[in-house]
There are 2 protein chains.
Amino acid sequence: MQNISEEDYLGIIYKHKDKNGEVKANLIAEKLQVSNAAVTDMLKKLSRNGHIIYEKYKGIRLTEGGEVYAKNMVRRHRIWEVFLNQIVGMPWDKVHDEAHRLEHSGSDELIDRLEEMLEYPEYDPHGDPIPSKEGKVPKLRKHVQLAELKQGQAGTVIRVNDFDDQFLQYISKIGVKLNEPVLVKEKRRFDKSLQIIVKGKPWNISNKVAENIFIEIKKK
Amino acid sequence: MQNISEEDYLGIIYKHKDKNGEVKANLIAEKLQVSNAAVTDMLKKLSRNGHIIYEKYKGIRLTEGGEVYAKNMVRRHRIWEVFLNQIVGMPWDKVHDEAHRLEHSGSDELIDRLEEMLEYPEYDPHGDPIPSKEGKVPKLRKHVQLAELKQGQAGTVIRVNDFDDQFLQYISKIGVKLNEPVLVKEKRRFDKSLQIIVKGKPWNISNKVAENIFIEIKKK
DNA sequence: CATTATTTTTAAGCTTACTTAAATTTGGAT
DNA sequence: ATCCAAATTTAAGTAAGCTTAAAAATAATG
């Protein structure tokens, strides 16, 4: 395959499949910023060439081959992210976009060399697992949304969603960082917003923000 | 511009312009492995958007803007080459293809960071000059084709053509390397082939090969 | 300088990945 | 169970970048 678009579609399907391994066309359209009609077209194509299982109006799921392919795209993306962050020194709120530009280029050999150079990282700068060349996906430690923590509970940030640059910039600014502690000082009923303590400083964040930060709870 | 094809065309035009700054359509078609008709189409487009000066059946030349654009593509390509060679440890006979895949991706910021990381290299791994961000092109030292050396003359390799991977692999194998000395031991009239000494070892090379290796002549 | 040969352009058509607008199907609420 | 809204598909059309085949212009050769 030479195809940027196909690769993007497969990557999105992989990253957004639910517990049943299914995705809705709508979501794909939104994530890729294309029309629903464009998605239907591409789904037919991906179905024809055996990457997905697709029946009209039904949920979409990857075939075994499609999964291998998609996982490799995610692998590429995340290895680029680690590389950009660790070697080039790019901040975590910028690596996503840059990696997206690069993930379709570069040969598999290059990706393997970068991986070696980085000493086989298991997670990208946002805490997402990097599939190995053989397709193994490192397990994520048990975690919950920051929004689910109770007042007074503390934990360690182990993953954040990387869908939006602005979000990442914002949480960087307030000091949220991978593998760093956070404490929930206060929770408010009416808007579900919360006050958290990061590096000793208090911050108010919305529920929306707290839903996209994932925490490993500290044992008492 | 978002366009891989346009970028490729402009890069080729820049790299292959003659002393008058002109290129023939034919050459572009050959270098890019597309039909002449495709070239005509694209030339019209590049002319329309002000990147080249183009009149039917006449030679093609870059406008000022086109030159800036094209030079930037060459810059990107060559910085990737140095990066792949020096940081990733990829041999010089592989960097061209890999860099070609990467040169259209990556933001300008990334290229700048890579350049900084590499300490502003002036030449790529084949000895080709790297345009600066401001568009300055480092001068090449005075040089001649290896094929032009007389029997008994010696010199230093300062550039090789990177058009063909096989060629690069071949000269690597016989020990030809940038900034290393070569001596012409023998020249043969009938086929213009020559015997050279590299690292103390003798090798027979064709005239064709010798035409693509560039030498700075040693003063006696 | 006339006639080939080579380049370049035109013309017509193809594929990919999109678009908008209209039609269809599905799923949820009453 | 019916109806409505949301999701999905169809239909028709567009733009980019190609292709081949034929026509036109330029360059090269005797």
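Sequence lines set the chain letters: A, B, ... in the order given, protein chains first and strands last, and positions in each chain run from 1.
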Mutual orientation of the aromatic rings belonging to A:Phe83 and A:Trp80 [parallel < 30°, tilted 30-60°, perpendicular > 60°]: perpendicular
B:Gly135 backbone acceptor or donor facing B:Arg75 side chain under 3.5 Å: no
Contacting residues from residues 23-32 of chain A, given that a heavy atom lies under 4.0 angstrom of DNA chain C: none
Spacing of B:Lys44 atom NZ relative to C:dT8 atom C1', expressed in whole Å: 10 Å
Heavy-atom donor-acceptor pair, B:Glu211 side chain to B:Gln145 backbone, under 3.5 Å: no
Distance in Å, A:Ser206 OG paired with A:Arg188 CZ, rounded so as to fall on 0.5 Å steps: 11.0 Å
Nucleotide C:dA17, atom P - distance to CG of A:Asp8 in whole Å: 11 Å
Partners passing side chain to side chain donor-acceptor pair (under 3.5 Å) against A:His104 (at least two apart in sequence or in another chain): A:Glu7, A:Asp8
Close aromatic pair by centroid cut-off 6.0 Å: A:Tyr54 and A:Tyr9: no
Contact pattern, 5' to 3', of nucleotides 16-27 of chain D - B, S or - by protein heavy atom under 4.0 Å: SSBBB---BSS-
Test item: B:Lys187 side-chain N/O and B:Ala147 main-chain N/O as donor-acceptor pair under 3.5 Å: yes
A:Leu168 and A:Val160, any side-chain heavy atoms less than 4.5 Å apart: yes
Interatomic distance, A:Leu46 CG vs C:dT16 C1' [rounded to whole Å]: 13 Å
